[in-house]
Peer 1: 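Next up is a structure, given as C-alpha cells.
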Amino acid sequence: MMAELRTEEFIVNMGPHHPATHGVCRLMLTMNGEKIVKIEPVIGYLHRAIEKICENRTYAQCIPILDRFEYVTSMSCNYVFSLAAERLAEIEVPERAEYLRVIMLELNRIASHLLFYGVTAMDIGAYTPFLYGLRERELIIDLFEMTCGQRLTYNYIRVGGVSKDIPKQFVPQCRKAIKIIGEKLTDYTGLLNENPIWLERTKGIAVLPADLAIAYGVSGPVLRASGVQYDIRRNDPYCIYDRFDFEIPVRPNGDCFDRYMLRIDEIRQSIRILSQALDGLPEGEIRHKKVKDATFKPPAGEAYARIENSRGEMGIYLVSDGSKKPLRVKTRGGSYNQLQVLPQYGTDMLIADLVANFATLDVIMPEVDR
Amino acid sequence: MIGKPVLLAELHGLFQWLHEKLQATGLSQTWVDIITYATLGVIIFGVLSLIALYLIWWERKISAHVQQRFGPMRHGWHGWYQTVMDALKLLQKEDIRIVTRDKVVFFWAPVICFVAAFLAYVVMPFGDRLIVADLNIGILYIMAVTTFTIISLLMAGWGSNNKYALLGGMRSAAQVVSYEVPMVASILTIIIFVGSLSMMDIVKAQSGLIFNWYVFRIPFGPIAFLTYIVAATAECNRTPFDIPEAEQELVSGYNVEYSGMKFAMFFLAEFVNMFTVSAIAVTLFFGGWNGWDFIPSWIWFLGKTLIIVLLLMLFRWTYPRLRVDQLMEFAWKFLVPVTFANLIVAGIFKYFGWYW
Amino acid sequence: MTKEELAAYITENFDGKLKPLDSGRYDPLFEVEADDLLDVARALKEDENLRFDYLCNLCGVDTKEHFEVVYNVASVSKNLRLDFKLILPHDNAEVESVQEIWPAANWYEREMWELYGINVLNHDNLTRFLLPDDWDQGHPLRKDWDAPDFVRLPEGE
Amino acid sequence: MGLIKKVPLFTEKIPGGGLVLTTLETVLHQAQAKSLWYLLFGTACCAIELMCTGASRFDFDRLGMIFRATPRQADLIIVAGTITKKMAPRLRRLYDQMAEPRYVIAMGGCTISGGPFYYDSYAVEKGIDHIVPVDIYIPGCPPRPESLLEGCIHLQEKIKKQKLSDWQEK
C-alpha cells in the first residue's frame, strides 16, 4: 500500500506588496497545495496615527486629516465628523447645505462603487472593466473638482454646513453625468453578468452567513448581500434622507456575485436620490452663522455619529472637554470588521477564490489601520 | 499549380535563383546544405523576432483601443518603435543571480522556452514552395516540439526558489498537458480528411477557393476549429486560461524571479508561440497560403495569421480568468469528449466515403 | 421605541447596574461597573425586546485623570442604539473581554490594549498588530505619552 | 577628436534625430528613458491617483510605461502613499530586489517629508530619501495625474542626460 504521501502545509505571504491586496494588507496564508487552510491578516502597514493627530488639532483642522482616513470616499469622512460635532453642539444646518451634503455623499458613493467595480473585475482577471469603471468615475471627479478644487481629498463639508457653494454649471453637468452613468451600467453588467466564466468565478463562492456577519460587526453592502435589511440611512436616519424615496437593495445568498451585484443596484438607487435632490435643491446660505472655523468650541460631552458609507458603517466617536481641540476622536470604518471576519469564513477554498472574495469585500487599508 | 507567380513577389523564385548560384560555386554538397539551412535559419529567426516585436506593440495598441485609451503614442508615429526600445532596455538590465541551489535549471529555462518557440517553424508553409523542410510528418513534429514549453515553465517555476513561481509552474504544467489532448484530437480530425501529415499536402488539399477550406467542412470543420482555438489559447497561457502568470494571484507566476534578457526571452517566446498557434490554425483550417494569385501567397498566409492573432488578443481583453479546477474540468469533461466524438464520427464518414 | 422609552426601559429593567449619564449628546449613555460588565452585556444581547447584537464601536478614552472604555452597541432587528461606558483608574486599568458576546470586539480590544495599555482579561490573542513589531516606546495614544522623535504641532497665535 | 564630442549636437539638428551618428550612450539611455516599467506599489491616497493616471483619461501607456507586478521586471518604483515605520523595511527590500538601472519617484507629500502626518504622528517615516535614493519628487497631496505625468517626463529627461560614467558609482 503506497505510504501516505507526506504533504506539509507551507506558508505563503500575500505580502504587504501584492497586486490583489488593495494597498498594504498582508495575509499570511497557510496553504495545503492550492487550498487555504488558515488566513491570518497582518495589518498596521498604513497606521498613520490619525486619532493621535486629531487630538492636537482644532475642529476645522481635523477635517483635512480625516479626509485621509478613508480616501476613496473622503466626503463621507468630512460629513461624519461634522455630524458628530453638530450633535455635540446641537447646531442646525441650513436647508441648502443639507441638500448639497446629500448630493456630495451620493456622488462619492457612486464614485467609490465604480472604483470597486473596476478593481474587482481586474482581480478576477478581466482588465477592461477597470478602465471603463474609472472612465465613468472621472465624470464625478470633474464635478468635485469644480466645487472644491481637489480630485480625491475634498475638505468640503465643514462643521455647520459646506465650505463653498456650487458653481452655476454644476447642476446641469451633474444631471448629464448621472444620465451617462445610468446608461453605462447596462454595458458594465452586460460585459460581466452573462459571462459564464464570471458567473462560475463568483456565484456561490465564499458565502458569508448573516449571523456571522452581524456578530463580527460587518455592515453596509456586504451585510445586505447576506440578506440582512440594515441600512443606516433608513434604520438610524441622519441628514435629510427621509425626504427621498429610494429602496435598500438586499440580496439573499451572500456570495461574491451578490456582493458585486448589490453595489451595482446601490449605484442605481444613488442615482434616484441624486435626481430628487437636484430637483429639490433650495436657495439659501450654505453654512450656520455662528460656526466660525477658528473659534468653534462645542460644549463638553460625547457623541457617536455614524453614516452609511460605501464600505459599511462609518462612525466617529467624538469626546469634547469644551476646548478648541477634541479630547478623543475614535474613527470606525467598515473594512475593519470585514477584514476581521475574513479568516472565519474565508478558508478551505482556492487562492483564486480568496482573491475574488477579498475583492468583493472591498477592503481598503486606511479604514483598517487608521 | 495555382497561377503563375507575379515577378519577384513570389519569393520562392528568389530562393531558387540563390540556390542555383550557390550550387554553381562548386562547393561540396554538404557545405551547400549547411549554408542554405544556416541562412534559412537566420532569416526565419530574424523575420520571426521582428514579427514577435510587432505583435507585442500590436497587443498594446489593441488593448489600449479596446479600453478607450491611446497606448504607446510618443515614440514614433503611434509608438511604432516602442517595443524596439523595450527590447533595448531589457538588454541593459542587470541579470540578477538569485540564491537557488539549482542554478542550471534557473538559467536554462528561458533558453529552452525560447528555442522551442522557434523550432516549430521548420515545417511551417509560409507560401508557395516557401518552406524550410517539407517533412512528411510535419504536424506531428510541431506537436512534439511545442510541448517543450511545459518543461521550461516547470524548470522556471522550480528554479526560481520562490513559492509563487512554484505554484505558477505547477499550474502551467497541468494546464498545458491537459489542453494538449483536445488540441491534438481536433488536428487529427483534419488529418483524416487530408490523409497525410505533411503540411504542404494539407495546404494542397485545401487549394481552390474558400469552399475547399476545412473550416467549412460542416460539421467537423467548425467544431474542430473551435476546440482547436480554445485549446490553443490555453496552450500559450493566454486569458481566459492565463493561470500560470495570473497577476492578481501569483504576482506573475513562473517569471517572478526573471529580469532583463531572461524575462525578455519568456516574453518573446510567448508571442512567438501565439504566432505559431495561429499559423497552424491557418494552415489546417483556412487553407494556408491559398488565395487569388494577384496577391503573393506569403502575404495571404501572414494576413490570415494576423487575423487569428487578433482573435486571441481580443480574448485577453474581454474575458476574466478561470480558476484552476474549473480549467481542468472544462478540459477533461467538455473539450476531450467533444473532440473525440468529432474525431470518431469524422473517421466513420471518411471510411464509408459519405463526406461531401 | 424612541430614545426616551429606551432610557426609561433600561433604568427600570437593569436595577441600577446601568446608571444614566447626561454627557451623552445624542444617544442614551449609561455607566456600568467593571465587575458586572459581562452580565449587563449578556442581558442587553439576550433581552428579547432589546436584542443589542451589533457592536458598532469599542474604544478607550484617556481623560488625564482616568481611563474610560466606551461601548456603542446597536440592535439590527429593533433599530435601537445605546452607548455605555466604564470608568477605570489611570494606572494598571483592567477590563473583561466581551468577546464571547460580541465577537467583533476582538480586534477593538486588541487595538485598545496596544494603544492605551488597558489590559483586557481572557482575550484570546492580545498581541501587537498596528505598531511596528520592534516597538518599545509604550502606548502612544495616552495623553502623557512622549518620545524623542515625536514632533508636536507648534501652538498657533 | 572634437567631432565625437559634438555628435549629440548633430543628432538634434537632423530631423527625427538620425540614429546613425549617435554614440552608444545616447542610444542606451534613450531606450531606458522610453520604456520605463513601473512597479505596482501604492500604499495610500496617491495609489488612487496612480490608478487614475494609468486609466483611460491620463494614460501612462502613451509614455511607454506599463505596470509590472514583480520588482524584478520593474525599473521604476513610484512610491505612491505614506510610508510608515512598519512599511519602511519592506520598501527597502523591494528596492533592493529591483534590477540595476532603477529609478525612484517619490509621489506625494508623505514621501517627501511626511506630508500632513509630519506633526503629531508617531508611526510615519518623515520622507523616504533616507530609505531609498530618490530621483524625482512630486509634491501634492495627492498630486494631480498631470503632475505625475510631468514628473515621469522629467525623469525621462534626466535619464537621457545621464552619462555612462556616473552610472557606475550610483
Side-chain angles (χ1 to χ4, degrees), chain B residues 56-57 59-99 160 162 164-165 168 245-264 266-267, chain D residues 16-17 19 22 24-41 51-76 94 96-103 145 149 152-153 156-157 159-160 162 164 167-168 170:
Chain B
I56 297 174
W57 171 77
E59 161 124 70
R60 278 171 76 166
K61 288 304 272 187
I62 285 180
S63 76
H65 290 303
V66 161
Q67 295 163 354
Q68 294 205 329
R69 52 188 175 89
F70 281 111
M73 287 296 277
R74 278 172 62 92
H75 306 130
W77 184 79
H78 272 291
W80 61 270
Y81 63 83
Q82 173 63 50
T83 29
V84 175
M85 286 297 158
D86 285 350
L88 257 176
K89 179 211 76 170
L90 284 172
L91 266 173
Q92 312 162 36
K93 294 294 280 185
E94 167 199 4
D95 185 14
I96 293 177
R97 293 257 175 288
I98 58 166
V99 173
S160 327
N162 171 329
Y164 285 129
E245 359 105 7
E247 301 268 314
Q248 275 63 30
E249 290 137 31
L250 298 177
V251 190
S252 91
Y254 56 86
N255 47 26
V256 165
E257 293 296 340
Y258 286 94
S259 73
M261 263 329 273
K262 289 202 179 83
F263 167 70
F266 272 123
F267 203 51
Chain D
L19 282 179
T22 54
L24 178 66
E25 192 174 68
T26 42
V27 168
L28 283 182
H29 290 313
Q30 288 279 356
Q32 264 179 41
K34 286 192 169 10
S35 100
L36 281 166
W37 290 355
Y38 65 95
L39 179 69
L40 198 62
F41 179 81
M51 278 196 237
C52 289
T53 320
S56 313
R57 189 171 183 180
F58 320 87
D59 188 5
F60 254 144
D61 209 356
R62 284 179 296 135
L63 306 178
M65 299 171 68
I66 44 175
F67 72 89
R68 297 308 303 170
T70 72
R72 295 279 191 239
Q73 291 145 20
D75 40 48
L76 160 70
L94 276 176
D96 295 340
Q97 282 172 353
M98 283 164 65
E100 189 30 57
R102 51 192 172 194
Y103 305 96
L149 284 174
C152 296
I153 291 167
Q156 286 183 344
E157 298 315 326
I159 295 172
K160 281 178 192 154
Q162 225 177 3
L164 268 183
W167 185 23
Q168 266 60 34
K170 176 168 168 250

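Throughout, protein chains are lettered first and strands after them, A, B, ... in sequence-line order, and every chain is numbered starting at 1. Predicted model only: the values in this text are computed from it and were never measured. Scope of the values below: all heavy atoms of this structure, side chains included, with no hydrogens, waters or symmetry mates.
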Peer 1: Which heavy atom of D:Met98 sits nearest to which heavy atom of B:Glu94, and what is that distance?
Peer 2: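 Looking at all heavy atoms of both residues, the shortest contact is O-OE1, 3.9 Å.
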
Peer 1: If you compare all heavy atoms of B:Leu88 against all heavy atoms of D:Ala31, which two are closest, and at what distance to 0.1 Å?
Peer 2: CB-CB, 3.5 Å

Peer 1: Side chain, backbone, both or neither: which part of B:Leu90 has an atom under 4.5 Å from a heavy atom of chain D?
Peer 2: side chain

Peer 1: For D:Arg62, does its backbone N or O pair with a side-chain atom of B:Gln82 as donor and acceptor, under 3.5 Å?
Peer 2: no

Peer 1: Measure D:Ala74 against the heavy atoms of chain B and call it side chain, backbone, both or neither at under 4.5 Å.
Peer 2: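 Only the backbone of D:Ala74 comes within 4.5 Å of chain B.
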
Peer 1: For D:Ser56 and B:Gln67, which heavy atoms make the closest approach, and how far apart are they?
Peer 2: OG-O, 3.1 Å

Peer 1: Mark yes or no for whether B:Gln92, through its side chain, and D:Leu28, through its backbone, hold a donor-acceptor pair below 3.5 Å.
Peer 2: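 Checked: pair present.
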
Peer 1: Does B:Lys93 make a cation-pi contact with D:Trp37, if we ask for NZ or CZ under 6.0 Å from the ring centre and within 45° of the axis?
Peer 2: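 So B:Lys93 doesn't make the cation-pi contact.
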
Peer 1: To the nearest 0.5 Å, how far apart are CG in B:Asp86 and CD1 in D:Ile66?
Peer 2: 6.0 Å

Peer 1: Considering all heavy atoms of both residues, which atom of B:Ser259 and which atom of D:Arg72 are nearest to each other, and what is their separation?
Peer 2: CB-O, 3.2 Å

Peer 1: What's the shortest heavy-atom distance between D:Gln97 and B:Ile96, and which atoms?
Peer 2: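 Distance-wise, the nearest heavy atoms are O-CD1, 3.6 Å.
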
Peer 1: Looking only at heavy atoms, what is the nearest atom pair of B:Phe70 and D:Asp59, with distance?
Peer 2: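 Scanning both residues, the minimum pair turns out to be N-OD2, 3.5 Å.
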
Peer 1: Less than 4.5 Å apart, any side-chain heavy atom of D:Arg68 and any of B:Phe263?
Peer 2: yes

Peer 1: So, taking the atom named OH in B:Tyr81 and the one named CD in D:Gln30, what distance separates them when rounded to the nearest 0.5 Å?
Peer 2: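 Here the interatomic distance stands at 7.0 Å.
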
